[in-house]
Every structure is written in C-alpha cells, then in structure tokens.
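Owing to the predicted nature of the structure, the values given are computational and were not obtained by experimental measurement.
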There are 2 protein chains.
Amino acid sequence: MNNTAVEGLPEPKTLVESAYRSLRRDIIEGNLAPDEKLRVEHLKDNYGVGAGTLREALSLLIADALVVSQGQRGFRVAPVSLADFEDIAQTRVMLECEALRQSIAMGDDAWEADLVAAFHRLAKAEEKRIGSEIREEWEERNRIFHEVLIAACPSRWLKHFLSILYHQAERYRRLSLYLQPIPRDIHVEHEALLHAAINREADKAAAILSEHILLTFRSVQAIPAEQLNAKLQA
Amino acid sequence: MNNTAVEGLPEPKTLVESAYRSLRRDIIEGNLAPDEKLRVEHLKDNYGVGAGTLREALSLLIADALVVSQGQRGFRVAPVSLADFEDIAQTRVMLECEALRQSIAMGDDAWEADLVAAFHRLAKAEEKRIGSEIREEWEERNRIFHEVLIAACPSRWLKHFLSILYHQAERYRRLSLYLQPIPRDIHVEHEALLHAAINREADKAAAILSEHILLTFRSVQAIPAEQLNAKLQA
DNA sequence: GAGTTTAAAAATCTCGAGAAAAGTTGTTGA
DNA sequence: TCAACAACTTTTCTCGAGATTTTTAAACTC
C-alpha cells in the first residue's frame, strides 16, 4: 500500500523505483510543470533509464495522482487548479482531524516522545530556514511532524489517503511559502498543535489543525492570478 | 485521477489497459488468490501480452492497492485480513456518509432522476438474482447505485477514495453473499436509502448507509474461520 | 480564405532477448 | 545432525528495436 510514504529511506533497489522518486520530486517541486506532456523518448535520457522502465515509473506515479495518462496519448503531469487545491485542503481537514482525534485517543508514551522529538527537529530547521537545501530539510521534517501526529491512529487506509493528499498539497504549498501574502507564524501553529495533542485536548487540536491546513489554502488563494499563473507554468 | 472508475465502458484502447482490467477483475473475483505470487513470465501467456506490458498493468493495479510489489521480489496479490476489512468498512462509513450528506445537500432534479433510475435497474437485477452472469450484472448495478448516491457530492477526491474503497470492499463482499450467515434483505435497505435521499433526510440516510456498510462487514466477520480461510485460498 | 484530404513526422505502444538478482538444491566439513 | 558453502534454476529487471497510432504539415478543392 505504501508506495507514497518513503519513510526512513530504504535505498532504491531498482531503476524503476529510482526513476519514480526522481520524477515525483521533480513534479512536486515544479521542475516539471503542471499539465506538461511527458514524452517517454525524451525523458528516458534525462533519467538515464530505458523506455519501458520509465513507463513503469510513470504508471506508479498515477497511484499518487501526480501523473495522468490517457488512452493512446501518453502521460502528462497532473494539472493544477485552485478548485482542486480547495478540494484537497477540505478533504484533508476532514480526514486528518479524524485521524488526529484517533491518534490522541490511542497514543501512548512512546508516541508522545516521538512527537516531541519530531517537533524539536522541525523547530531546529525552522530557525535556519533560509537557503534551498535547508528548505528541503524543513519540508522533510514538516512532513514527518504531521505524520507522527497521526501515527497512533490505527487506520491504515486513513493514513494511506492522507499520505497522498499531503504530497498533493505540498505541490501547491511550495508556492505559498515563497510569495506569502498572508502573514503567519507557522512555528507558533505547530507549537500549539503539539501542546494540544500532548494534553489530549482533541477538540482543540482538531481546530488548530483545521485552521493550519485551511490557512495554507487561503495563502495560495490570496496570490494574485497573474503571479500564480507565472509560477504554475514555470 | 479516475483509473479505477471505469464508468460507461470506454473500450480499452491499449493492451496495457486491457490486461489491467482483466487482472483487476480476476483479483476482485478471487480467481487470483490473496497473497498469491504474480509471476510475470507465467501470467503474460494467460493474458496474451508481453512481459513489459504486463508489468505496466501490474504497476497500475498498485494504485488500487490490489497488488503490492517489493524491491527485487516481484508482484503479489494484496493480502486480505479481517482487520483490513474492518478498517475498509469503517473508513468507508466515514467518507461515504459525508459524501452522501453533501450529495443530498447539493443534488438537483436530474440527480434524483438518475438515482431513481439506478435503483430501478438494481431492483430488476435483484428479482432474478440467480446464476453467475446475472450476478455480475447485479454487482455492476449495485456499484452504480452507490456511485449515483454520492454523484452530487462536489469533492472529486472524496469520490476517488471511495471508488478505491468500494473495489476493495467488493473483494471481501464476494464472500458474504455466497455464504451468508446473517439474514438480511438488501433490497429493503437500498429502498430505505433511496427514499431518505430523495426526501433529503440526511441524518437518516447516513444512518442507513452506515448500517448497510457495517452489516456487510459483520456478515464476513460471522463466517467461521475455517470456512473463510478455505474461501480465501481458493 | 476556410475547410478537407493526403502524406510525412513524431510519439506511443508492444515485444522478445539479455543481464542481474533471488531462490533452490545438493554437497562438503565440522 | 546441522550449518555453511557452491553450483544450478527460476524469476525479476532492463534495454533497444519494430509495429500502430496520433500529431503535424502541406497540398488541394470549394
């Protein structure tokens, strides 16, 4: 089930997996623009694999809804739209709040410890949040923090779907962090989330998480259309 | 996004798609047993395609979580378990009830008409529900009825996830219909669901749908372990 | 000039064979 | 008897080339 998670980092033992990861990264980071055509014959050189291997990697990416394919007309990067992002944000609020409630209800001491640790790592990365490789580190730690938050939720399917939605949202979020029109202190939000979770205040934690996710959507929503389109085609 | 839906029936225009559908059908129907190893060299003859083509079809099935792959060890049919089915049922209750509420809130006259039509087609199939090709017809119409129920829900992601869960549940449900230990009148359940939806009684409809889904789980749960295992290995 | 038909070009889809890894079997040595 | 090792078999993974289909461009008619 978990081909989207990529937890620790079990080295890719196959070329398909390697190409899959590179492609996914390039799509999420925007190096491959939304709706861009993915010509196999051209891309196979860039990623240093054969045609069949690349096709297989692209097929894998369909699971994450980062690539779409159509009949006899090849592959494309999944298109983006504000409506889609709104849908992603709302669905994520619904699922992630429920998962968080379950996680708070069932989490044990070890979970709390993992949570504190994940928050600490994230906080350290937030202090020095300038530069691009630092940024990747922050992205990684932010993902893990959210992952640990719901780790004690027993539903594998809920977590599976959230993993997909998280990566989808990340693609959009990459925009809002660079050109951020709504002022916000993400660190404070995460801190409040941490304390509410540790104190087992499920309603409060869910409310904070909900706001946290929706704020990111409103951030992108507030970006002027021209500026956004320029970004999206980049 | 919708590689799992297969709505009307746009003829498979490619061998990959064709193999994908045949494989999915065989997995859901249980012709390919849970956890069974899927050897490419052996299967390519059965489905009349090349090795690369079959690999691609298998990669596509990972999106539906009907196939799992592992490093350098090939593909397997996704395993099954009672715990997994419970998770599927509960997650489905959560998502499908929410989708149904939204659908009831937003559905227009055309939606009502589609719903009545879908129910009628399902009812006709229920009358003559004996024989195996009749059974396939019932399965198809049951799926469409559930699909139409939530069709007016505006969230594409919710519907996408539900489509995945539906096919997962179908695999388990195939068991409970044959050896049905809990007596139930599915027709009455569907009818109550239809009327609650048309009358815009969201709470009532959600309650019925919730019971409807959970009853299927309890049906499988009530099957004696030996009998179930025999089925699962078949 | 607009729209249709025809032909060339590009891209997709498909296959079978070769390299690499995993799994199996049998043998050897304590 | 058991474990470790080695040779063999099976299977997965990978690639490049050929067959179809789509796309592009040009030529032609109305």
Pick base, sugar-phosphate or nothing for Leu38(B), based on heavy-atom distances below 4.0 Å to the nucleic acid. sugar-phosphate
For Ala51(A), which residues count as a side chain to side chain contact (heavy atoms under 4.5 Å, CB included) partner, sequence neighbours excluded? Val40(A), Glu41(A), Lys44(A)
Between CD of Glu56(A) and C1' of dT12(C) the distance, given in whole Å, is 17 Å
Under 3.5 Å between N/O atoms: give me all the protein pairs with nucleotides 18-22 of chain C, atom names plus distance.
none

Which part of the nucleic acid, if any, lies within reach of Gly52(B) when heavy atoms closer than 4.0 Å are counted: base, sugar-phosphate only, or nothing? nothing
Heavy-atom count check: over 12 atoms from other residues, nucleotides or ligands less than 6.0 Å from Asp108(B) CG? yes
Taking any atom closer than 4.0 angstrom to a non-hydrogen atom of chain B, what span of DNA chain D does the protein reach, first nucleotide to last? dT11(D) to dT14(D)
Any residue meeting side chain to side chain contact (heavy atoms under 4.5 Å, CB included) with Asp87(A), in chain and number order, not counting sequence neighbours: Thr91(A), Ser155(B), Arg156(B), Trp157(B)
Rounded to the nearest angstrom, tell me the gap between atom CZ in Phe75(A) and atom P in dA10(C). 21 Å
Return the value, rounded to whole Å, for the distance between atom NZ of Lys44(A) and atom C1' of dA10(C). 14 Å
Taking the nucleotide of DNA chain D with the nearest heavy atom to each, does Lys37(A) or Thr14(A) sit closer to the 5' end? Thr14(A)
List in chain and number order the residues that pass side chain to side chain contact (heavy atoms under 4.5 Å, CB included) with Ser69(B), two or more places apart in sequence or in another chain; answer none if no residue qualifies. Ile62(B), Phe75(B)
Heavy-atom side-chain proximity of Met106(B) to Cys153(B) below 4.5 angstrom: no
What about His190(B) and Phe119(B), are their ring centers closer than 6.0 Å? no
Over all atoms of both residues, closest heavy-atom pair of Ser103(B) and Leu149(B): OG-O, 2.8 Å
Identify, with sequence neighbours excluded, every residue that meets side chain to side chain contact (heavy atoms under 4.5 Å, CB included) alongside Ile27(B). Leu32(B), Leu61(B), Leu66(B), Val67(B), Val77(B), Arg171(B)
